[in-house]
Amino acid sequence: MEHEQFITKNSASGPNSKTKTEPFVKVIAIISTLGGLLFGYDTGVISGALLFMGKELHLTPFTTGLVTSSLLFGAAFGALAAGHLADSAGRKKIIILLAIIFAVGAIGTALAPDVNWMIFFRLVLGLAVGGAAATVPVYIAEIAPANRRGQLVTMQELMIVSGQMLAYITNATFHEIWGGDNTWRWMLAIATIPAVLLWVGMMFMPDTPRWYAMKGRFAEARRVLERTRAKEDVEWEMTEIEETIEVNRAQGKAKLRDLAEPWLKKLFILGIGIAAIQQLTGVNTIMYYAPTVLKTVGLSTDAALFATIANGVISVLMTFVGIWMVGRVGRRPLVLIGQMGCTVCLFLIGLICYLMPEFHANGDVNLLRCYMVLGGMLVFLSFQQGALSPVTWLLLSEIFPTRMRGICMGGAVFALWIANFIISMAFPLLLTYFGLSGAFFIFGIIGIGGAIFVIRCIPETRGRSLEQIEHYFHAKYSNNKPKEFLNITEKYKV
């Protein structure tokens with residue numbers, strides 16, 4: 001198979017591909033992924049806030065779904081807009097703008113007087129969440145050395161799950177210390193702090209060398225490479241970027257209609273598939289509705305909130321495992337392990353809910369059933385956060401060509417958030433009509449289709465520069481390869 005040939009060839013990305021990453025690029029990754037922390041916090045905090053805001057905002061099952069999923073709907077369009085604007089305005093400027101939107105959305109939701117304003121400001125937050133999802137991985141991928149790109153880009157996923165864990169801890173802590181019907185407002189307001197830190201930090205960061213080169217600012221591109229690469233690696237990478245940019249420039253400014261090119265269309269569909277399978281596992285039904293699910297199986301509100309912290313802890317710990325593994329195992333095996341593991345866990349949770357009685361004969365709640373459901377959720381998250389999710393963001397940041405990266409990334413992440421929106425909006429209805437077991441069986445069946453997609457379509461990109469990956473996909477999907485691409489492909493042995 002073509003992807004196997006791609007793996008077996010020389011994986012070195014340059015003359016000194018194992019050179020240790022300069023500390024500056026790590027600082028860039030930490031600051032920019034504060035956007036991921038906000039992404040995680042704003043998506044996770046609603047799981048606890050929903051338990052308290054219902055009375056004041058007069059929530060119904062339908063408006064509960066709207067409050068949860070409105071952020072996701074906004075995120076879809078935020079990804080689309082940010083992906084397009086990041087190519088023209090630059091990755092850095094977009095992240096700075098997103099920090100401001102994060103702050104406005106957090107304050108707005110905390111002060112919302114009724115459900116209509118809550119939904120509106122959740123949409124605003126969604127614009128920032130989707131924009132961060134589309135922009136931050138690209139920013140890091142374009143600025144990181146090829147041999148460390150996997151670990152640095154997957155820091156985004158670490159920050160996302162850390163933000164979700166922080167949200168769960170905040171929810172439980174505020175409820176324990178203050179309680180009361182207005183606790184949810186403080187849960188939402190605290191997100192302004194990392195938003196301000198992101199805005200301040202990004203003011204001192206550069207844009208990426210590939211974006212500078214795309215705009216003809218080669219001197220600035222070289223300066224960034226000099227700060228983020230060993231001296232012996234700067235020249236070959238700058239040459240590779242310049243040659244690829246020159247070929248792209250001959251094709252003109254990136255436009256949506258360029259996706260009609262057969263090879264770009266196929267690559268874009270691949271990106272949409274990669275984005276969709278991450279959501280079609282149903283992961284965010286667990287992340288958003290975990291307290292609701294645990295209350296459904298019999299736990300009290302306090303126990304459900306406390307138990308949800310375990311979801312966050314496992315997600316963070318397994319993301320560390322994923323970051324460690326992605327540099328050693330590769331992208332394709334991790335996606336396959338994650339997809340198949342998640343699917344098995346979904347069927348397992350469904351069977352537990354279906355076969356075990358909810359109550360004992362004396363009328364008491366069957367706590368063994370509750371904790372087995374929680375255990376199934378934690379094993380599911382181990383596969384999702386330790387394998388599938390980190391590699392999803394990494395692959396999306398790698399596979400698209402430089403000239404079209406912003407547009408394609410925005411479109412793929414748009415599809416991801418639309419899938420997320422539909423699933424999150426549908427989950428309360430699935431619970432109502434099919435029960436917990438039926439809902440998890442449905443996601444398990446979808447997961448089988450996702451595993452087939454992974455086996456047939458996902459390639460290996462480990463150890464290649466972004467330019468080499470671009471030439472590989474052009475050669476794979478194009479029937480009429482331009483001479484310039486063939487020359488560069490031969491030169492870099494892709």
Side-chain angles (χ1 to χ4, degrees), residues 1 3 39 43 72 75-76 79 130 133-134 137 150 153-154 156-157 160-161 265-288 315 318-319 322 325-326 329-350 377 379-400 408-427 430 439-462 473:
M1 295 177 68
H3 61 74
F39 172 162
T43 54
L72 313 177
V153 172
T154 49
Q156 167 80 346
E157 179 63 20
I160 291 171
V161 296
K265 183 191 296 183
K266 293 175 184 177
L267 185 56
F268 185 54
I269 292 171
L270 173 65
I272 289 175
I274 292 170
I277 60 169
Q278 187 215 33
Q279 293 302 314
L280 293 176
T281 61
V283 56
N284 284 317
T285 61
I286 291 177
M287 302 309 289
Y288 303 155
S315 294
M318 292 309 299
T319 302
M325 289 180 66
V326 77
V329 177
R331 282 57 155 161
R332 178 180 162 82
L334 273 184
V335 175
L336 188 57
I337 291 168
Q339 181 67 33
M340 296 183 72
C342 287
T343 302
V344 171
C345 289
L346 289 167
F347 282 113
L348 177 63
I349 296 171
M377 290 166 61
V379 177
F380 171 92
L381 288 173
S382 296
F383 284 105
Q384 178 80 32
Q385 310 294 17
L388 184 56
S389 288
V391 184
T392 297
W393 295 110
L394 177 56
L395 282 170
L396 289 177
S397 71
E398 291 178 329
I399 64 172
F400 300 122
C408 290
M409 183 71 167
V413 178
F414 173 83
L416 181 149
W417 285 111
I418 288 295
N420 195 344
F421 168 76
I422 293 170
I423 290 168
S424 300
M425 190 71 184
F427 188 68
L430 292 177
F440 283 109
F441 283 144
I442 289 170
F443 286 120
I445 292 169
I446 294 171
I448 293 174
I452 294 171
F453 171 81
V454 172
I455 293 170
R456 291 179 60 88
C457 302
I458 301 288
E460 181 59 74
T461 58
R462 176 187 172 197
F473 279 115

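Quick note: residue numbers are just sequence positions, from 1. All figures in this text were calculated on a predicted structure; none of them were measured in a lab.
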Open item on the list: Going by the rule ring pair (Phe, Tyr, Trp, His ring centres under 6.0 Å), which residues pair with Phe421 if we only count those two or more places apart in sequence or in a different chain?
Closed with: Phe73
- [ ] Quick one: pull up OG in Ser389 and CG in Leu334 and give me the separation to the nearest 0.5 Å.
- [x] 11.5 Å
Task: Approximate separation, where rounding is to 0.5 Å, of Gln156 CD and Thr392 OG1 - done: 12.5 Å
Open item on the list: Looking at every heavy atom in both Gln385 and Ser315, which two are closest together, and how far apart are they?
Closed with: CG-OG, 3.5 Å
Task: With Leu280 via side-chain contact (heavy atoms from CB on, under 4.5 Å) - residues at least two apart - done: Ala276, Ile423, Ile446
Task: Derivation and outcome, side-chain contact (heavy atoms from CB on, under 4.5 Å), residues Val335 and Leu395 - done: CA-CA 10 Å; Val335 175; Leu395 282 170; 4.0 Å; yes
TODO: Applying side chain to side chain donor-acceptor pair (under 3.5 Å), name anything that partners Glu157, two or more places apart in sequence or on another chain.
DONE: Trp393
Task: Spatial distance of atom CD1 (Ile455) from atom CD (Gln339) [nearest 0.5 Å] - done: 9.5 Å
Task: Atom pair CD1 (Ile277) and CG (Leu416), whose distance is rounded to the nearest 0.5 Å - done: 10.5 Å
Task: Rounded distance (nearest 0.5 Å) linking atom CG of Leu346 with atom CZ of Phe383 - done: 11.5 Å
Open item on the list: For a 4.5 angstrom cut-off between non-hydrogen side-chain atoms, does Phe400 reach Leu267?
Closed with: yes
TODO: Kindly give the heavy-atom pair with the smallest separation between Val379 and Cys345, and that separation in Å.
DONE: CG1-SG, 3.5 Å
Open item on the list: Is there a side-chain contact between Phe453 and Leu270 in this structure, where contact means two heavy atoms from C-beta onward sitting under 4.5 Å apart?
Closed with: yes
Open item on the list: Can you tell me how the ring of Phe427 sits relative to the ring of Phe440, calling it parallel under 30°, perpendicular over 60° and tilted otherwise?
Closed with: perpendicular
- [ ] Heavy atoms only: give me the nearest Val413-Ala79 pair and the separation to one decimal.
- [x] CG1-CB, 3.5 Å
- [ ] Search all heavy atoms of Met340 against all heavy atoms of Ala451 and return the closest pair with its distance.
- [x] CG-CB, 4.2 Å
TODO: For residues Phe443 and Leu430, determine if any side-chain heavy atom of one lies less than 4.5 Å from a side-chain heavy atom of the other.
DONE: yes
- [ ] List in chain and number order the residues that pass ring pair (Phe, Tyr, Trp, His ring centres under 6.0 Å) with Phe414, two or more places apart in sequence or in another chain; answer none if no residue qualifies.
- [x] Phe77
Task: Side-chain heavy atoms of Val283 within contact of Leu381, under 4.5 Å - done: yes
Open item on the list: Show the nearest heavy-atom pair for residues Gln279 and Ala419, with the distance to one decimal.
Closed with: CB-CB, 4.1 Å
Task: Pairwise salt bridge (charged side-chain N to carboxylate O under 4.0 Å, His left out) hits with a residue in residues 386-399, at least two apart - done: Arg149-Glu398, Arg331-Glu398
- [ ] Kindly say whether Ile458 contributes a backbone atom to a donor-acceptor pair with the side chain of Arg332 at under 3.5 angstrom?
- [x] yes
- [ ] List in chain and number order the residues that pass side chain to side chain donor-acceptor pair (under 3.5 Å) with Thr281, two or more places apart in sequence or in another chain; answer none if no residue qualifies.
- [x] Gln384
Open item on the list: What I'd like to find out is whether the side chain of Met325 reaches to under 4.5 Å of the side chain of Pro390, using heavy atoms alone.
Closed with: no
Task: Contact summary for Val153 and Ser397, nearest pair of heavy atoms - done: CG1-OG, 3.7 Å
TODO: Working to the nearest 0.5 Å, report the span between CG of Leu388 and CD1 of Ile274.
DONE: 10.5 Å
